[in-house]
Amino acid sequence: MTVWNAQKMLELGVRHATLEAELDLEGTLATLIEAPTYEFFPVGLGFSGADPVRRYYVNLFENFMPLRESYRLVAEWVSETSVAQEYEIRLRVDGSVESHRVIGILMADGALLGGERVYASERMIRLMVGDLFQELLPI
């Protein structure tokens, strides 16, 4: 049993975010439980399970990340069971630049992350999840 505190939660959240930024698919997945849950708000849709999570990250790394013109961490909040991070992300899509604000909340489950809650515009979510958007289920 993992005894969580805010410092351990922060370390896990930073490791996950770093591996994601480095486009390390296997490393990122290794920070997650076997069947994580991802929820997207305000659209109220999500998915669970190893296969959709892998597909999500493949799309994120292959199709979404190349669109990033810049990103910066705006704020971060940590508790014993979660890390919330707000980002400002600028994307170059179809020849123009779009600016988005995104809040991601990573939740602990045992010694790993149980998934994430993402608060973003529907446009941003569609870009992040790609074709998987058609398969998202109501939360």
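All heavy atoms count here, side chains included; hydrogens, waters and symmetry mates do not. For clarity, every value in this text was computed on a predicted model and none was experimentally measured.
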K.L.:
Do T31 and L19 make a side-chain contact, defined as non-hydrogen atoms from C-beta onward lying under 4.5 Å apart?
P.N.:
yes
K.L.:
How close do A21 and R68 get, counting heavy atoms only, and between which atoms?
P.N.:
O-NH2, 4.3 Å
K.L.:
Report the C-alpha separation of H16 and T28 in whole Å, then their side-chain angles, then the decisive distance to 0.1 Å, and conclude whether the side-chain contact (heavy atoms from CB on, under 4.5 Å) test is met.
P.N.:
CA-CA 6 Å; H16 177 84; T28 301; 3.5 Å; yes
K.L.:
Between atom OG of S70 and atom CZ of R92, what is the distance when rounded to the nearest 0.5 Å?
P.N.:
10.0 Å
K.L.:
Carefully, step by step, assess L29 and V53 under the rule side-chain contact (heavy atoms from CB on, under 4.5 Å).
P.N.:
CA-CA 8 Å; L29 294 175; V53 168; 3.8 Å; yes
K.L.:
Would R72 and I89 count as a side-chain contact (heavy atoms from CB on, under 4.5 Å) here? Give the steps.
P.N.:
CA-CA 7 Å; R72 72 179 180 91; I89 302 173; over 6 Å; no
K.L.:
Look at the side-chain heavy atoms of Ile, Leu, Val, Met, Phe, Trp and Tyr, link any pair under 4.5 Å apart, and say whether L137 and I139 land in one connected group.
P.N.:
no
K.L.:
Kindly indicate, with the supporting measurements, whether the criterion side-chain contact (heavy atoms from CB on, under 4.5 Å) is fulfilled by V83 and Q85.
P.N.:
CA-CA 7 Å; V83 174; Q85 298 165 322; 3.9 Å; yes
K.L.:
May I ask you to decide if S79's main-chain N or O and S82's side chain share a donor-acceptor pair within less than 3.5 Å?
P.N.:
no
K.L.:
Could you see if L10 belongs to whatever hydrophobic cluster contains I105? Use Ile, Leu, Val, Met, Phe, Trp, Tyr and a side-chain cutoff under 4.5 Å.
P.N.:
no
K.L.:
I need the N59 CG to F64 CZ distance, nearest 0.5 Å.
P.N.:
9.5 Å
K.L.:
For the atom pair CD1 (I125) and CG (L132), what is the distance rounded to the nearest 0.5 Å?
P.N.:
12.0 Å
K.L.:
Count I, L, V, M, F, W, Y as connected when their side-chain heavy atoms are under 4.5 Å apart, and connections chain through other members. Are V58 and F61 then in the same cluster?
P.N.:
yes
K.L.:
Residues two or more places apart in sequence or in another chain: which of them pass side chain to side chain contact (heavy atoms under 4.5 Å, CB included) with V93?
P.N.:
L67, L91, E98, R123, L127
K.L.:
With hydrophobic residues grouped by side-chain heavy-atom distances under 4.5 Å, do L106 and V74 end up in a single group?
P.N.:
no
K.L.:
Run the side-chain donor-acceptor check on residues 37-52: report pairs under 3.5 Å with partners two or more places apart or on a different chain.
P.N.:
unit_1: T37; atom_1: OG1; unit_2: S48; atom_2: OG; d: 2.9
unit_1: Y38; atom_1: OH; unit_2: Y57; atom_2: OH; d: 2.7
unit_1: E39; atom_1: OE1; unit_2: R117; atom_2: NE; d: 3.1

K.L.:
So, do M128 and L60 sit near enough that their side-chain heavy atoms are less than 4.5 Å apart?
P.N.:
yes
K.L.:
Which atoms form the tightest heavy-atom contact between A6 and V78, and what is the distance?
P.N.:
O-CG1, 3.2 Å
K.L.:
Quick one: which of D109, L113, L112 gives a side-chain contact (heavy atoms from CB on, under 4.5 Å) with L32?
P.N.:
L113
K.L.:
Does one hydrophobic cluster hold both W77 and M107, with members joined at side-chain heavy-atom distances below 4.5 Å?
P.N.:
no
K.L.:
What pair of heavy atoms forms the shortest contact from M9 to A108, and how long is it?
P.N.:
SD-CB, 3.6 Å
K.L.:
Enumerate the salt bridge (Lys or Arg N to Asp or Glu O under 4.0 Å) contacts for residues 10-26, please, sequence neighbours excluded, ordered by first and then second residue.
P.N.:
E26-R54
K.L.:
How far does CE of M124 sit from NE2 of H100, to the nearest 0.5 angstrom?
P.N.:
5.5 Å
K.L.:
State, to 0.1 Å, how close K8 and N5 come at their nearest heavy-atom pair, and which atoms those are.
P.N.:
N-OD1, 2.8 Å
K.L.:
In plain terms, say whether R55 and E135 are close enough for a salt bridge, that is, a side-chain N and a carboxylate O under 4.0 Å apart.
P.N.:
yes
